[in-house]
Engineer: 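Okay, here's the structure, questions in a sec.
Since we're looking at a predicted model, the values are computed, not measured. Naming convention: chains lettered A, B, ... in sequence-line order (proteins, then strands); numbering from 1 in each chain.
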Number of protein chains: 2
Amino acid sequence: MINYTNTLRKHKLKATPQRIAIVDALFLNGHMSTEFLYSIMLAKFSSISLATIYKNINLMLENCLINEVKIPHAKSVYELTKSSHSHLLCKKCGNIEDVAIDLEELVDKISKITEFQIDKTDFILSGNCKNCH
Amino acid sequence: MINYTNTLRKHKLKATPQRIAIVDALFLNGHMSTEFLYSIMLAKFSSISLATIYKNINLMLENCLINEVKIPHAKSVYELTKSSHSHLLCKKCGNIEDVAIDLEELVDKISKITEFQIDKTDFILSGNCKNCH
DNA sequence: ACTTAATTGATAAAAATTATTCTTTATGTA
DNA sequence: TACATAAAGAATAATTTTTATCAATTAAGT
């Protein structure tokens with residue numbers, strides 16, 4: 001198992017067992033809603049409080065350890081912060097996949113046209129995955 | 001003023017004064033949160049209920065008269081449904097602009113690579129607008 | 001003008017999120 | 001290794017957001 005203690009400390013977060021388990025769950029599952037994360041955590045810490053989940057999600061967001069992905073017509077999910085990527089959403093089975101799309105050229109062009117200094121993109125492509133055609 | 005009565009009826013919605021005002025407000029303002037829409041509506045209908053706002057937003061979403069835009073680190077906003085477009089978000093002043101970006105070629109490519117049948121995109125580009133550099 | 005189903009406002013209820021308080025614990029230092 | 005302390009945890013209350021209920025009103029078709 002990866003050393004999440006150091007991961008947490010790098011992000012100025014005390015390495016508690018609950019937090020280590022949250023990071024582990026996110027690593028294993030990729031994308032999770034608060035609801036689902038809570039159910040996962042309950043299996044490991046039978047008396048964990050839902051407030052602990054919310055507090056930690058917010059702290060980890062503030063410290064850029066995780067990232068929120070706002071899903072159309074559904075609840076947000078959270079993922080460990082990684083290099084910039086887009087998301088594929090299957091509208092049938094709900095599965096979410098990361099996909100590397102190079103948007104640099106496109107963004108540069110839009111930046112010039114619109115006079116916006118763009119430093120971040122959120123790109124979600126929705127449809128049906130290969131299992132749900 | 002545009003004939004919102006017919007617009008509403010086309011979407012199978014009874015044309016009440018409240019609904020006509022909602023559509024008008026969205027047309028005039030472009031993008032609005034429920035909160036802001038409620039404040040606008042209160043000015044015209046001093047006794048309008050917040051439940052009426054929520055119910056109508058949900059109905060209009062179901063009937064595809066309006067569209068939800070999920071803004072990173074902020075509340076969702078709603079806009080009248082129009083042809084596919086992306087959004088520019090200024091992180092400083094909060095302004096949201098529509099921008100027409102042709103994503104067809106890119107989406108086709110991703111579709112082939114990933115074996116996803118993609119039929120919709122949500123693309124938000126965040127940064128600083130020209131007034132906020 | 002009349003009938004009827006849908007909408008509204010008022011309000012209660014439910015769901016989601018945040019705040020509070022007291023106890024426990026991670027971590028830096030002696 | 002033990003100690004001090006600031007931070008985090010659980011429990012729970014409070015707040016915020018959204019949805020449901022219901023009686024009164026109204027849009028729209030006949």
Engineer: Between P on D:dG9 and CD on A:Gln18, what's the gap in Å once rounded to a whole number?
Structural biologist: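 Taking CD of A:Gln18 and P of D:dG9, I get 5 Å after rounding.
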Engineer: Please name the pair of heavy atoms, one in A:Ser111 and one in A:Ile118, separated by the smallest distance, quoted to 0.1 Å.
Structural biologist: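 For A:Ser111 and A:Ile118, the tightest heavy-atom pair comes out as OG-N, 3.7 Å.
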Engineer: Could you pull out the closest heavy-atom pair between A:Ala25 and A:Leu37, with the gap in Å?
Structural biologist: CB-CD1, 4.1 Å
Engineer: Would you name the heavy atoms of B:Cys90 and B:Asn128 that are closest together and state the gap between them?
Structural biologist: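 Distance-wise, the nearest heavy atoms are SG-CA, 3.9 Å.
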Engineer: Just jot down the salt bridge (charged side-chain N to carboxylate O under 4.0 Å, His left out) partners of B:Lys70, sequence neighbours excluded, or say none.
Structural biologist: none
Engineer: Does A:His73 have any side-chain contact (heavy atoms from CB on, under 4.5 Å) partners at least two apart in sequence or in another chain, and if so, which?
Structural biologist: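 Partners of A:His73 under the side-chain contact (heavy atoms from CB on, under 4.5 Å) test: B:Lys120.
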Engineer: Can you name the side chain to side chain donor-acceptor pair (under 3.5 Å) partners of B:Lys82, sequence neighbours left out?
Structural biologist: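 B:Lys82 satisfies side chain to side chain donor-acceptor pair (under 3.5 Å) with B:Asp98 only.
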Engineer: Which residues pass the side chain to side chain donor-acceptor pair (under 3.5 Å) test with B:Ser76, not counting sequence neighbours?
Structural biologist: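 B:Ser76: side chain to side chain donor-acceptor pair (under 3.5 Å) contacts with B:Glu68.
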Engineer: I'd like to check the side chain to side chain donor-acceptor pair (under 3.5 Å) partners of A:Glu35; sequence neighbours left out, ordered by chain and number.
Structural biologist: A:Lys75
Engineer: Tell me the interatomic distance from B:Asn56, atom CG, to D:dT18, atom P, rounded to whole angstroms.
Structural biologist: 15 Å
Engineer: Under the salt bridge (Lys or Arg N to Asp or Glu O under 4.0 Å) definition, can you give me all pairs with a residue in residues 9-25 of chain B, not counting sequence neighbours?
Structural biologist: B:Asp24-B:Lys44
Engineer: Among residues two or more places apart or on two chains, list those pairs meeting ring pair (Phe, Tyr, Trp, His ring centres under 6.0 Å) that have a residue in residues 97-132 of chain B.
Structural biologist: A:Phe123-B:Phe123
Engineer: Ignoring hydrogens, what is the shortest heavy-atom contact between B:Ser33 and B:Val77? Give both atom names and the distance.
Structural biologist: N-CG1, 3.9 Å
Engineer: Please find the earliest and latest nucleotides of DNA chain C, in the 5' to 3' direction, that have an atom within less than 4.0 Å of any heavy atom of chain A.
Structural biologist: C:dA16 to C:dT27
Engineer: Take the C1' atoms of the five end pairs on each side of the helix from C:dA1-D:dT30 to C:dA30-D:dT1, derive the two axes, and give their angle rounded to 10 degrees.
Structural biologist: 50°
Engineer: Quick check on contacts: within residues 61-81 of chain A, what sits under 4.0 Å from DNA chain D by heavy-atom distance?
Structural biologist: none
Engineer: Could you give the NZ-to-C1' distance, from A:Lys12 to D:dA6, as a whole number of Å?
Structural biologist: 16 Å
Engineer: Can you check each nucleotide of nucleotides 19-30 of chain D against protein heavy atoms at under 4.0 Å and return B for base, S for sugar-phosphate only, - for none, in 5' to 3' order?
Structural biologist: BB------BS--
Engineer: Which residue pairs pass the ring pair (Phe, Tyr, Trp, His ring centres under 6.0 Å) test when at least one of the two sits in residues 14-70 of chain B, sequence neighbours left out?
Structural biologist: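 Residue pairs passing ring pair (Phe, Tyr, Trp, His ring centres under 6.0 Å), neighbours aside: B:His31-B:His87.
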Engineer: Assign each of A:Leu59 and A:Ser47 to its nearest nucleotide of DNA chain D by heavy atoms, then name whichever residue's nucleotide is nearer the 5' end.
Structural biologist: A:Leu59
Engineer: Is there a donor-acceptor pair closer than 3.5 Å between any side-chain N or O of B:Thr81 and the backbone N or O of B:Leu65?
Structural biologist: yes
